[in-house]
Novice: 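Below are the structure tokens for one structure; questions will follow.
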2 protein chains.
Amino acid sequence: MKTKIRVVLADDHPVVRDGLAAMINQQADMEVVAEAGDGEAAITLYEQHRPDVMVLDLRMPKRDGVAVVQRVLEVNPKACILIMTTYDGDEDIFQCLSQGAKGYLLKDAPRQEILSAIRAVSEDRPYTSSTVAAKALQRMAKPSLTQRELDVLQLVAQGRSNKDIARRLSITEGTAKTHVKAILTKLDAISRTEAVAVAHRRGLIHL
Amino acid sequence: MKTKIRVVLADDHPVVRDGLAAMINQQADMEVVAEAGDGEAAITLYEQHRPDVMVLDLRMPKRDGVAVVQRVLEVNPKACILIMTTYDGDEDIFQCLSQGAKGYLLKDAPRQEILSAIRAVSEDRPYTSSTVAAKALQRMAKPSLTQRELDVLQLVAQGRSNKDIARRLSITEGTAKTHVKAILTKLDAISRTEAVAVAHRRGLIHL
DNA sequence: CTCGGCGTCCCCCGGAAGGTAGAGGCCGGG
DNA sequence: CCCGGCCTCTACCTTCCGGGGGACGCCGAG
């Protein structure tokens with residue numbers, strides 16, 4: 001038999017780590033070599049162990065998944081990273097995937113899917129669950145917000161007025177309104193409140 | 001040795017169920033007798049197995065935690081239910097606790113806390129993690145929304161205009177505005193968008 | 001270089017939102 | 001029984017939001 005697939009886990013919930021570890025160690029062809037509870041530990045442990053696969057939660061303390069992917073791929077561009085998160089429709093997913101994460105899974109995936117995703121990624125084959133693939137296509141069609149618009153959107157989501165947003169971003173109220181208008185158009189929303197709802201659904205913002 | 005504490009798990013993530021099951025079955029004094037992936041199964045399995053403790057996720061398909069708590073306590077008012085969820089600041093928690101759930105935990109709790117919570121609940125002692133207890137006290141001080149206001153809030157959160165809200169609830173626009181005003185006052189928000197942000201933070205609404 | 005996207009700024013205007021100040025009906029608890 | 005909370009409705013007024021334009025400098029891709 002070949003050597004086992006060495007896996008590092010990163011998730012802030014001990015319960016989830018235990019679950020994955022139990023699931024993985026039960027398999028003959030893979031084993032967990034380390035577990036991290038936050039983003040920084042994840043990076044450290046990756047460098048220490050150089051595992052074949054890293055299973056990564058998107059939402060973590062200290063550094064989120066996106067930052068970890070970025071950093072790890074800087075160190076080792078061939079790293080095989082499997083993203084695992086609770087939410088679909090999350091913009092962060094696409095950031096991770098376009099940055100080079102090899103796979104993406106939802107936490108509510110059945111055991112079998114999780115395991116085959118790990119195997120796929122370990123062989124450098126990309127794995128993306130079909131629901132996510134579908135979302136990706138939808139997303140392509142839709143206009144994306146600029147960085148500045150995301151800044152504004154963030155403040156809009158906090159309930160700030162245009163005037164308030166302008167003050168915080170050191171621009172005029174007129175400019176703030178221009179950005180808000182652009183956001184409304186791109187998100188196909190009638191009011192700022194609806195824009196927030198849509199943006200949240202798409203994972204453009206995290207409340 | 002006494003008979004083991006018999007536990008039923010209910011969570012929609014296979015990974016989490018595995019993690020809890022592994023953690024629990026490793027203990028000498030407890031065992032998992034059944035696992036449910038949604039609310040309906042949870043109810044069925046409870047009635048079938050009559051476990052000493054039921055560990056319940058708040059967010060589940062088909063029936064959410066609140067409904068399950070209600071139903072199970074109807075059948076057996078002495079049922080020991082431990083709520084376990086990802087989010088704090090969630091209004092549902094208080095509904096569950098006031099309906100008779102015996103304990104509440106966050107999913108990011110360490111192993112030891114989870115296990116001792118199960119033991120406490122199995123002996124009919126209430127268990128509430130300190131962070132939640134603190135929130136409960138804060139909540140007491142704050143004004144609560146009426147049912148009608150929650151209805152309106154739900155629509156506000158979807159980005160509906162006052163006129164739209166009025167139409168959907170079969171009331172006049174003026175009345176809708178009255179409700180929105182009350183919401184703004186109670187949530188201490190300046191604009192409807194801020195109200196949505198606050199309400200979401202407090203778990204009054206789920207987007 | 002030229003074109004397009006981005007960020008910044010400006011105008012006008014109608015309509016929606018939010019603040020103020022009431023008032024009547026209905027129901028449950030003291 | 002009467003008080004208080006809730007839901008409903010009303011009118012007036014100010015401010016803000018959102019739709020429609022147009023304009024400028026900057027920068028990077030073609």
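Below, chains carry the letters A, B, ... as their sequence lines are ordered, and counting in each starts from 1.
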Novice: Keeping the roles fixed (side chain from B/Arg71, backbone from B/Glu40), state whether a donor-acceptor pair exists under 3.5 Å.
Specialist: no
Novice: Identify the two heavy atoms, one from B/Leu56 and one from B/Gly65, that lie closest to each other, and give their separation to 0.1 Å.
Specialist: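 Where B/Leu56 meets B/Gly65 most closely, the heavy atoms are CD2-O, 3.9 Å.
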Novice: Could you measure the distance from the CG atom of A/Asp18 to the CD atom of A/Glu35? Nearest 0.5 Å is fine.
Specialist: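 Nearest 0.5 Å value for the CG-CD distance: 6.5 Å.
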Novice: In whole angstrom, give the distance that lies between atom CG of A/Leu169 and atom C1' of C/dC9.
Specialist: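 Going from CG in A/Leu169 over to C1' in C/dC9 covers 15 Å.
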Novice: Any donor-acceptor pair under 3.5 Å linking the side chain of B/Arg17 with the backbone of B/Asp11?
Specialist: yes
Novice: Run the side-chain contact (heavy atoms from CB on, under 4.5 Å) test against A/Thr146 and tell me which residues pass, sequence neighbours left out.
Specialist: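 For A/Thr146, the residues satisfying side-chain contact (heavy atoms from CB on, under 4.5 Å) (neighbours in sequence not counted) are A/Arg148, A/Glu149, A/Lys186.
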Novice: Would you indicate, yes or no, if D/dC9 has its OP1 or OP2 atom less than 4.0 angstrom from a side-chain nitrogen or oxygen of B/Thr175?
Specialist: yes
Novice: Tell me which residues in residues 148-166 of chain A lie within less than 4.0 Å of DNA chain D, going by non-hydrogen atoms.
Specialist: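 Contacts with DNA chain D under 4.0 Å: A/Ser161, A/Asn162, A/Lys163.
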Novice: Nearest-nucleotide wise, let me know which of B/Lys177 and B/Thr146 is further upstream toward the 5' end of DNA chain D.
Specialist: B/Thr146
Novice: So which heavy atom on B/Val69 is nearest to which on B/Ile83, and how close?
Specialist: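 Heavy atoms only, the tightest pair is CG2-CD1, 3.8 Å.
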Novice: For DNA chain C, which residues of residues 178-189 of chain A approach it to below 4.0 angstrom with any heavy atom?
Specialist: A/Thr178, A/His179
Novice: Among the nucleotides C/dA17, C/dC10, C/dT8, which one has an atom lying closest to any side-chain atom of A/Thr172?
Specialist: C/dC10
Novice: Under 3.5 Å, side chain of A/Asp38 to main-chain N/O of A/Ala41, donor-acceptor pair present?
Specialist: yes
Novice: Of all the choices, D/dG18, C/dC9, D/dT8, which nucleotide is nearest to the side chain of A/Arg192 once you look at every atom?
Specialist: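 Nearest nucleotide to the side chain: D/dG18.
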Novice: Which whole-number value in Å describes the distance from B/Arg167 CZ to D/dC9 P?
Specialist: 15 Å
Novice: Determine whether a donor-acceptor pair (N or O, by modelled atom type, separation under 3.5 Å) exists between the side chain of B/Arg6 and the backbone of B/Ala34.
Specialist: no
Novice: Over the length of the helix from C/dC1-D/dG30 to C/dG30-D/dC1, how much do the five-pair end axes diverge, rounded to 10 degrees?
Specialist: 40°
Novice: When all nucleic acid strands are considered with a 4.0 Å heavy-atom cut-off, which category describes A/Gly174: base, sugar-phosphate, or nothing?
Specialist: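 The answer is nothing, as A/Gly174 stays clear of every strand by at least 4.0 Å.
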Novice: For B/Ala67, is there any backbone N or O sitting under 3.5 Å from a side-chain donor or acceptor partner on B/Asp64?
Specialist: yes
Novice: Using atom CD of A/Gln147 as one end and atom P of C/dG5 as the other, report the distance to the nearest whole Å.
Specialist: 19 Å
Novice: Sequence neighbours left out, cut at 3.5 Å: what donor-acceptor pairs do the side chains of residues 195-207 of chain A make with other protein atoms?
Specialist:
| from | atom 1 | to | atom 2 | distance (Å) |
| --- | --- | --- | --- | --- |
| A/His206 | ND1 | A/Arg59 | NH2 | 3.3 |
| A/His206 | NE2 | A/Asp92 | OD2 | 2.8 |

Novice: Round to the nearest Å and state the distance from A/Glu194 atom CD to D/dG18 atom C1'.
Specialist: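 For the pair A/Glu194 CD and D/dG18 C1', the rounded distance is 13 Å.
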Novice: Taking only residues two or more places apart in sequence or in another chain, which ones pass side-chain hydrogen bond (donor to acceptor under 3.5 Å, both in side chains) with B/Tyr104?
Specialist: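 B/Tyr104 satisfies side-chain hydrogen bond (donor to acceptor under 3.5 Å, both in side chains) with no other residue.
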